[in-house]
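Let me begin by presenting the structure, written as structure tokens, before commenting on it.
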Amino acid sequence: MIGRISGVVDYISEDHIIIDVGGVGYIVYVTQITISNSPKLGEKISLFTELIVKEDSLTLYGFIDSIERDWFNLLQSVQGV
């Protein structure tokens with residue numbers, strides 16, 4: 001599991017950012033709250049993360065604080081969400 005990611009903001013989109021960590025760009029899906037609180041391009045960032053593993057994908061979600069991540073995990077535990 002990946003619990004936290006730190007690096008430099010390389011790209012910002014509507015629903016994800018790319019974080020450069022040692023020359024590797026990680027796509028991290030984030031909320032609008034996280035995007036609005038994120039540093040600008042080229043600046044350092046550190047996010048709490050949750051890795052969701054499915055049959056056909058690995059998806060990394062990032063959160064500005066642990067409370068937002070905890071809520072995400074709570075929603076994931078609800079059947080049908």
Side-chain angles (χ1 to χ4, degrees):
M1 173 169 298
I2 302 171
R4 190 170 186 85
I5 189 167
S6 298
V8 176
V9 177
D10 194 44
Y11 177 80
I12 300 173
S13 178
E14 290 182 11
D15 65 347
H16 69 277
I17 60 176
I18 296 178
I19 300 175
D20 184 305
V21 181
V24 178
Y26 291 89
I27 297 173
V28 183
Y29 290 90
V30 293
T31 63
Q32 289 300 313
I33 292 169
T34 299
I35 287 176
S36 65
N37 290 309
S38 293
K40 297 177 183 178
L41 292 175
E43 295 181 351
K44 291 183 180 181
I45 189 170
S46 186
L47 296 176
F48 290 94
T49 60
E50 193 67 35
L51 179 64
I52 303 297
V53 179
K54 295 185 179 177
E55 264 184 45
D56 58 348
S57 68
L58 297 171
T59 307
L60 191 60
Y61 294 92
F63 308 95
I64 202 75
D65 59 35
S66 61
I67 295 170
E68 189 180 18
R69 182 188 60 195
D70 293 344
W71 277 104
F72 177 82
N73 286 327
L74 183 62
L75 286 172
Q76 291 294 314
S77 69
V78 177
Q79 191 169 358
V81 173

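FYI, the numbering just counts along the sequence from 1. Note: hydrogens, waters and symmetry copies are ignored here, and every other heavy atom, side chains too, is used.
- With sequence neighbours excluded, no residue forms a side-chain hydrogen bond (donor to acceptor under 3.5 Å, both in side chains) with Thr49.
- Membership of the apolar cluster around Trp71 extends to Ile67, Leu74, as traced through chained side-chain contacts below 4.5 Å between ILVMFWY residues.
- When the side-chain contact (heavy atoms from CB on, under 4.5 Å) test is applied to Asp70, no partner is found at least two apart in sequence or on another chain.
- For Phe48, there are no ring-ring contact (aromatic ring centres under 6.0 Å, His included) partners two or more places apart in sequence or in a different chain.
- Take Glu50 and apply the side-chain hydrogen bond (donor to acceptor under 3.5 Å, both in side chains) test, not counting sequence neighbours, and it matches Asn73.
- Partners of Ser13 according to the side-chain hydrogen bond (donor to acceptor under 3.5 Å, both in side chains) rule, which considers only residues two or more places apart in sequence or in another chain, do not exist here.
- For Tyr11, the ring-ring contact (aromatic ring centres under 6.0 Å, His included) test picks out His16, with sequence neighbours left out.
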Q: Verify side chain to side chain contact (heavy atoms under 4.5 Å, CB included) between Ser6 and Lys44, making sure each step is shown before the conclusion.
A: CA-CA 7 Å; Ser6 298; Lys44 291 183 180 181; over 6 Å; no
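- Ser66 meets the side-chain hydrogen bond (donor to acceptor under 3.5 Å, both in side chains) test with no other residue; sequence neighbours excluded.
- For the side-chain contact (heavy atoms from CB on, under 4.5 Å) test, residues two or more places apart in sequence or in another chain that qualify with Lys54 are Ile52, Asp56, Ser57.
- Apart from Leu47 itself, the hydrophobic cluster it occupies contains Ile2, Ile5, Val9, Ile12, Ile17, Ile19, Val21, Val24, Tyr26, Val28, Val30, Ile35, Leu41, Ile45, Leu51, Val53, Leu58, Leu60, Ile64, where clustering links Ile, Leu, Val, Met, Phe, Trp and Tyr at side-chain heavy-atom distances under 4.5 Å.
- Applying the side-chain hydrogen bond (donor to acceptor under 3.5 Å, both in side chains) test to every pair with at least one member in residues 30-40, sequence neighbours left out, gives these pairs: Thr31-Thr34, Thr31-Glu68, Thr34-Glu68.
- Remark: Phe72 CZ to Phe63 CZ distance equals 4.5 Å, nearest 0.5 Å.
- Shown here is Glu14, whose CD atom has no more than 12 heavy atoms of other residues, nucleotides or ligands within 6.0 Å.
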